[in-house]
Amino acid sequence: MDKKTETKLIECHILMCEALKGYEDRAFQSNKIFEIRQYSNQLPEDMNNKITEYVKQVIRPMVYDADYWSFIEKDENYGAYDDDHHFIINSDFSLERIIFRKYHYIHDLLEELSKFMYEEFGLDYDS
């Protein structure tokens, strides 16, 4: 791989990491997805297709699926539904647990992203 392509892949990797780390801000993530798309004509087609598919499968749902975090946020260990079908968190401790579970989930996604970039492109870069 030439240096220019490697640099573009590193830049995409950084943008994908930023998108994952910005999991609490959908507008921020959406902007990062847009920035990643700007590389579509700067990378070889096969590389671009792999990055596009990764973003589509991993990052995009965080932005556009309103129930994306329900597997954590609406865990019955942390609260219950009221009569209006709103989930009510039962304590500050439960809120902390939700926050930490999200953080750990994102940390795992960041590790998977690094593994993906290494396995697909031989890119050994950690942001």
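- Proximity of S114 to H13: side-chain heavy atoms (C-beta onward) are separated by under 4.5 Å at one or more points.
- Applying the salt bridge (Lys or Arg N to Asp or Glu O under 4.0 Å) criterion to E112, with sequence neighbours excluded, gives no partner residue.
- Residues that satisfy the salt bridge (Lys or Arg N to Asp or Glu O under 4.0 Å) test with E24, not counting sequence neighbours, are K102.
- Here the CE-CD distance, from M16 to E35, works out to 12.5 Å after rounding to the nearest 0.5 Å.
- In this structure Y103 satisfies the side chain to side chain contact (heavy atoms under 4.5 Å, CB included) test together with Y23, sequence neighbours excluded.
- I59 and F28 end up in different hydrophobic clusters when Ile, Leu, Val, Met, Phe, Trp and Tyr side chains are linked at under 4.5 Å.
- L109 places a side-chain heavy atom less than 4.5 Å from the side chain of M62.
- In the hydrophobic clustering of this structure, Y68 groups with I99; members are Ile, Leu, Val, Met, Phe, Trp, Tyr whose side-chain heavy atoms approach within less than 4.5 Å, directly or through other members.
- Counting heavy atoms from C-beta outward, L15 and E18 have side chains that approach closer than 4.5 Å.
- A heavy-atom distance below 4.5 Å is found between the side chains of F121 and K50.
- For the atom pair CD1 of I36 and CD of E11, the computed distance is 12.0 Å after rounding to the nearest 0.5 Å.
- Both M1 and I10 belong to a common hydrophobic cluster when Ile, Leu, Val, Met, Phe, Trp and Tyr are linked at side-chain heavy-atom distances under 4.5 angstrom.
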### Message
The test is side chain to side chain contact (heavy atoms under 4.5 Å, CB included); show your working for C17 and L110 and say whether it passes.
### Response
CA-CA 6 Å; C17 287; L110 288 165; 3.9 Å; yes

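- Proximity of R37 to V55: side-chain heavy atoms (C-beta onward) are nowhere separated by under 4.5 Å.
- Atom CZ of R60 sits about 7.0 Å away from atom CD1 of I33, to the nearest 0.5 Å.
- A search for side chain to side chain contact (heavy atoms under 4.5 Å, CB included) contacts involving N41 returns nothing, not counting sequence neighbours.
- Looking at heavy atoms from C-beta onward, N49 lies in side-chain contact with E45 at the 4.5 angstrom threshold.
- Note that CD1 of I106 and NZ of K21 are 11.0 Å apart. Values are rounded to the nearest 0.5 Å.
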### Query
So I51 and E120, side chain to side chain contact (heavy atoms under 4.5 Å, CB included) or not? Walk me through it.
CA-CA 10 Å; I51 287 174; E120 292 297 329; over 6 Å; no

### Message
Show, in sequence, the C-alpha distance, side-chain angles and deciding distance for R97 and D75, and conclude whether the salt bridge (Lys or Arg N to Asp or Glu O under 4.0 Å) test is met.
### Response
CA-CA 11 Å; R97 296 277 303 154; D75 184 325; over 6 Å; no

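- Inter-residue side-chain proximity for E73 and Y78 is flagged as unmet; no heavy-atom pair is nearer than 4.5 Å.
- Taking NZ from K32 and OG from S30, the interatomic distance works out to 11.5 Å, rounded to the nearest 0.5 Å.
- Sorted pairs that involve residues 29-53 and meet ring-ring contact (aromatic ring centres under 6.0 Å, His included), not counting sequence neighbours, are lacking altogether.
- P44 pairs by the side chain to side chain contact (heavy atoms under 4.5 Å, CB included) definition with T5, D46, M47, not counting sequence neighbours.
- Contact check for L113 versus V58: no side-chain heavy atoms found under the 4.5 Å cut-off.
- The backbone N or O of H86 lies less than 3.5 Å from no partner atom in the side chain of D84, so there is not a single donor-acceptor pair.
- Cluster membership for L95 and I72, using ILVMFWY side-chain heavy atoms within less than 4.5 angstrom, is shared.
- When the side chains of ILVMFWY residues are joined at heavy-atom separations under 4.5 Å, either directly or via intervening members, F71 and F87 end up in a single hydrophobic cluster.
- Crowding of R101 atom CZ: a count of heavy atoms from other residues, nucleotides or ligands under 6.0 Å exceeding 12.
- Taken to the nearest 0.5 Å, the NZ atom of K115 stands 12.0 Å off from the CG atom of D108.
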